[in-house]
Amino acid sequence: INILVESFCPSKFGNEVTTEGKKQISVVLFDSTVTTEVDFSESSKGVGYLQDKILSIRHRKGSTATGDALTYVKNKVLGKGSSRLNNPKVSTDVIVITDGQCNRNCRILGSEAEAIRKMGHGVNVFSMGVANARACELEIITGKGSNMAYGLGDFRNFDRFATAVKEIAEENDTKCA
């Protein structure tokens with residue numbers, strides 16, 4: 001929950017400007033292939049649109065190409081002009097959520113995550129593993145050990161985690177978790 005408490009507030013998406021500035025979201029899905037499911041340009045379409053789009057994403061089964069996913073995020077997501085990288089008023093947090101052990105291009109996990117962090121001031125890389133994810137890989141991705149890496153035993157725990165975050169957000173006046 002600490003990740004989302006400090007880094008994520010859906011009410012700040014889109015055109016609403018706060019003292020912290022606007023936030024953007026891009027969602028990348030990976031298995032043996034890597035695709036952008038929500039592009040940064042869609043952030044301005046509003047919270048409801050983003051929530052519906054994210055909820056419509058279906059879990060993929062197959063290989064776990066975490067290294068390829070990090071390369072993709074570095075080159076095709078954060079490397080795009082629309083990412084607002086290096087804007088001090090915009091949060092740049094990369095949250096990697098995986099349910100498996102890396103089995104493609106694993107040797108580049110640390111170097112690609114480090115390259116992402118070096119792309120701009122204040123870029124953070126978090127990782128969350130569900131079920132079969134390996135703690136050591138999550139820690140390699142964060143580059144900071146276990147402080148920014150989180151593991152959940154199964155998808156029921158992930159659902160509980162998401163429900164808890166939603167409840168915290170609903171209790172808060174700003175509707176943020």
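One-based numbering along the sequence shown. What you see is a predicted model, and the numbers here were worked out from it, not measured in a lab.
Put simply, Ile108 and Val73 are part of two different groups of oily side chains (I, L, V, M, F, W, Y) that touch within less than 4.5 Å, one to the next. Cluster membership for Leu138 and Val28, using ILVMFWY side-chain heavy atoms within less than 4.5 angstrom, is not shared.
Residue pairs that meet the disulfide (SG to SG under 2.5 Å) test with at least one member in residues 97-128, sequence neighbours left out, are Cys102-Cys106. Applying the salt bridge (Lys or Arg N to Asp or Glu O under 4.0 Å) definition to pairs two or more places apart or across chains, those involving residues 63-72 are Asp68-Arg104.
Counting only heavy atoms from C-beta outward, the side chains of Thr98 and Thr64 approach each other to under 4.5 Å. Residues Leu78 and Val94 are in side-chain contact: their nearest non-hydrogen atoms beyond the backbone lie under 4.5 Å apart. Two residues are said to be in side-chain contact when any heavy atoms from C-beta on lie closer than 4.5 Å; Val96 and Thr142 fail this criterion.
Smallest separation of non-hydrogen atoms from Thr66 and Ile141: CG2-CD1, 3.8 Å. Closest of all the heavy-atom pairs between Lys74 and Ile116 is CB-CG1, 3.8 Å. What you find for Glu37 and Lys53 is that their closest heavy atoms are O-CE, 3.0 Å. Across all their heavy atoms, Glu112 and Leu70 have their closest contact at CB-CB, 3.8 Å.
Atoms CG and OG1, from Leu109 and Thr71 in turn, are 9.0 Å apart once rounded to the nearest 0.5 Å. In this structure, the separation between CG on Asp154 and CG on Asp99 is 11.5 Å, given to the nearest 0.5 Å. Interatomic distance, Ile140 CD1 to Arg134 CZ, rounded to the nearest 0.5 Å: 7.5 Å.
No donor-acceptor distance shorter than 3.5 angstrom exists from the side chain of Asp39 to the backbone of Glu42, with no hydrogens or angles considered.
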Apply side-chain hydrogen bond (donor to acceptor under 3.5 Å, both in side chains) to residues Tyr72 and Thr36 and explain how you reach the verdict.
CA-CA 9 Å; Tyr72 183 94; Thr36 300; 2.7 Å; yes
